[in-house]
S.K.: 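The structure under discussion is supplied below as structure tokens; questions concerning it will follow.
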Amino acid sequence: MCRVVFVVALVVLVSPEAHGLDNGLALKPTMGWLHWERFMCNTDCDTDPDNCVSERLYMQMADVMVKEGWREAGYEYVCIDDCWPSHQRDAQGRLQADPKRFPGGIKKLADYIHSRGLKLGIYGDVGTSTCAGYPGSLGYYETDAQTFADWGVDLLKFDGCYMNWTRLGDGYVTMSKALNRTGRNIIYSCEWPLYEWPFHQPNYTAIRETCNHWRNFADVYDSWSSIKSIVEWTAAHQEIIVPSAGPGGWNDPDMLVIGNFGLSHDQQESQMALWAIMAAPLLMSNDLRDICPRSKGLLQNRQIIAISQDPLGKQGYRTAKVDSFEVWERPLSKKRLAIAVLNKQEIGGPRRFPIGMAPGWKICDPQCNVTQILPQYKELGIQTLHSKVAVLVNPSGTVLMTVTPANRHFKSHHSLHWQDTSIKDKHTTIL
Ligand code: GLA
């Protein structure tokens, strides 16, 4: 049995209750689809009608979401990102959709999305213009909030480009109040902390009171290096950001890029597992009209979605680094725990990780029941504190498990797969 060296004190997983934006929304991390990472600012509907930012794109995505089981799996919000509006406001100063790409207008699109049992998200910016150069909301917060409500919008992603950073807080708070005054249920997705970090540590108490979720870090790209950098940033700042997450308000590590081009299947599993552990909004940015069955199965995996949507609503932490493994743990309802083991060694083959080395393993005293969810569903059965069972983790892949405390008299019906635990003791850091 290998000896684990405790180097740093264990992060306290229980945080004080944080008070969130009191609009009754996002009690669980938001699930849906958002166009940005996959479709970006493609406005060329003449040569690329299937992929340009147009009402057709969202209608088609909504149709597929109903037909292909996405809605049933919990993906509910169909979200427009940047580049939807006309460059000019109308005579009353209201935003208007680009007339060529959205001939029916946003209200009609919202009606269509609602008729499919889904919800519509839209995008705006707290400053003078959006990141892609479309009209911003500065000076128009009331008008724009009312316009979105009149159209039947259900979520607003509010970006932070073209705004003096000292005025970000005022802007985000004013828009939050304006949305509330409309009386419509509109999830408020902010990028406030992302734009403040370069200047100072954001006030997460204020952010949680203002927004339903908030971006902290750079835009996700369709690459493993991008996913790694987001995961690393989150771990490096976990003591600051994790306590602010809870029902009604969530840290947003940006979109799921599963089903695109840049991630291997193991890396897609890592993104899905870690986003669930991080209690992140699950907003896919991919082409649901053309997605491979494996990626679809991963995104619709009910056990992973259950971890993401766990009613306790606590975000997980990175709890240990061991020989190029990272252990992430999220406390779940009913005293259960989700454990993700990420293999960061990008050379060689699958490596063994003895699960008793996860700090949260202490809930296996006297016994626990372990279920492996990724890479394959497998009941690992009843284990104890002294269990020598190990899981195999592929390079840049993740093994995801749930651990349920069990009583001693409870007998396992599953045969155990005992494996040699050959991990070296050195380099073990319990965070
Ligand atoms: C910023 C945001 C992205 C996206 C683009 C749109 O970069 O962080 O998520 O909304 O703007 O221009």
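When a ligand or atom number is given, it counts from 1 through the structure's own listing order. Quick note: residue numbers are just sequence positions, from 1.
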S.K.: Can you confirm if the aromatic rings of W233 and W197 lie within a centre distance of less than 6.0 Å?
M.R.: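 Yes - the distance between ring centres of W197 and W233 falls below the 6.0 Å cut-off.
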
S.K.: For atom 1 (C) of ligand 1, grab the closest protein heavy atom and report residue, atom and distance to one decimal in Å.
M.R.: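 It is D159 OD2, 3.0 Å.
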
S.K.: Using a strict 4.0 Å threshold on nitrogen-to-oxygen distance, state whether D63 and K67 make a salt bridge.
M.R.: no

S.K.: I'd like to check which ligand 1 atoms, numbered from 1 as shown, lie under 4.0 Å from a non-hydrogen atom of R215.
M.R.: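 With R215 as reference, the close atoms of ligand 1 come out as 8 (O), 9 (O).
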
S.K.: Return the option from D82, D254, D219 holding the heavy atom at the smallest distance from atom 6 (C) of ligand 1.
M.R.: D82

S.K.: For the residue pair D144 and S137, confirm or rule out a side-chain donor-acceptor distance under 3.5 Å.
M.R.: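 Judged by distance alone, the side chains do pair up.
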
S.K.: May I ask whether M40 has any heavy atom positioned less than 4.0 angstrom from an atom of ligand 1?
M.R.: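 The answer is no, since M40 has no heavy atom less than 4.0 Å from ligand 1.
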
S.K.: Is the closest basic N to carboxylate O distance between K314 and D310 below 4.0 Å?
M.R.: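 Salt bridge flag = no for D310 with K314.
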
S.K.: Before giving the answer on ring pair (Phe, Tyr, Trp, His ring centres under 6.0 Å), spell out for W84 and H35 the whole-Å C-alpha distance, their side-chain angles and the decisive distance to 0.1 Å.
M.R.: CA-CA 11 Å; W84 64 270; H35 97 240; over 10 Å; no

S.K.: Is there a donor-acceptor contact under 3.5 Å linking the side chains of T404 and N369?
M.R.: no

S.K.: Output the list of atoms in ligand 1 that are nearer than 4.0 Å to some heavy atom of E191, sorted by atom number.
M.R.: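 Counting from 1, the qualifying ligand atoms are 2 (C), 8 (O), 9 (O).
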
S.K.: Consider only side-chain N and O atoms of Q238 and R318, and report whether a donor and an acceptor are under 3.5 Å apart.
M.R.: no

S.K.: Which of the atoms in ligand 1, numbered in the order shown and given with their element, are less than 4.0 Å from a heavy-atom of Y123?
M.R.: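 Contacts of ligand 1 toward Y123, numbered from 1: 6 (C), 10 (O), 11 (O), 12 (O).
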
S.K.: Only heavy atoms of C131, strictly under 4.0 Å: list the atoms of ligand 1 that pass.
M.R.: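 Near C131, the atoms of ligand 1 are 1 (C), 11 (O), 12 (O).
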
S.K.: Could you tell me the residue and atom name of the protein heavy atom closest to atom 5 (C) of ligand 1, and the distance to it rounded to 0.1 Å?
M.R.: W36 CE2, 3.7 Å

S.K.: Any non-hydrogen atom of T130 lying under 4.0 Å from ligand 1?
M.R.: no

S.K.: If the threshold is 4.0 Å, N to carboxylate O, is there a salt bridge linking R184 and D150?
M.R.: no

S.K.: May I ask you to list the atoms of ligand 1 that are less than 4.0 angstrom from any heavy atom of K157?
M.R.: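 Atoms satisfying the 4.0 Å criterion: 3 (C), 4 (C), 9 (O), 10 (O).
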
S.K.: Atoms of ligand 1 less than 4.0 Å from D81 heavy atoms?
M.R.: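 By the 4.0 Å cutoff, the relevant atoms are 4 (C), 6 (C), 10 (O).
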
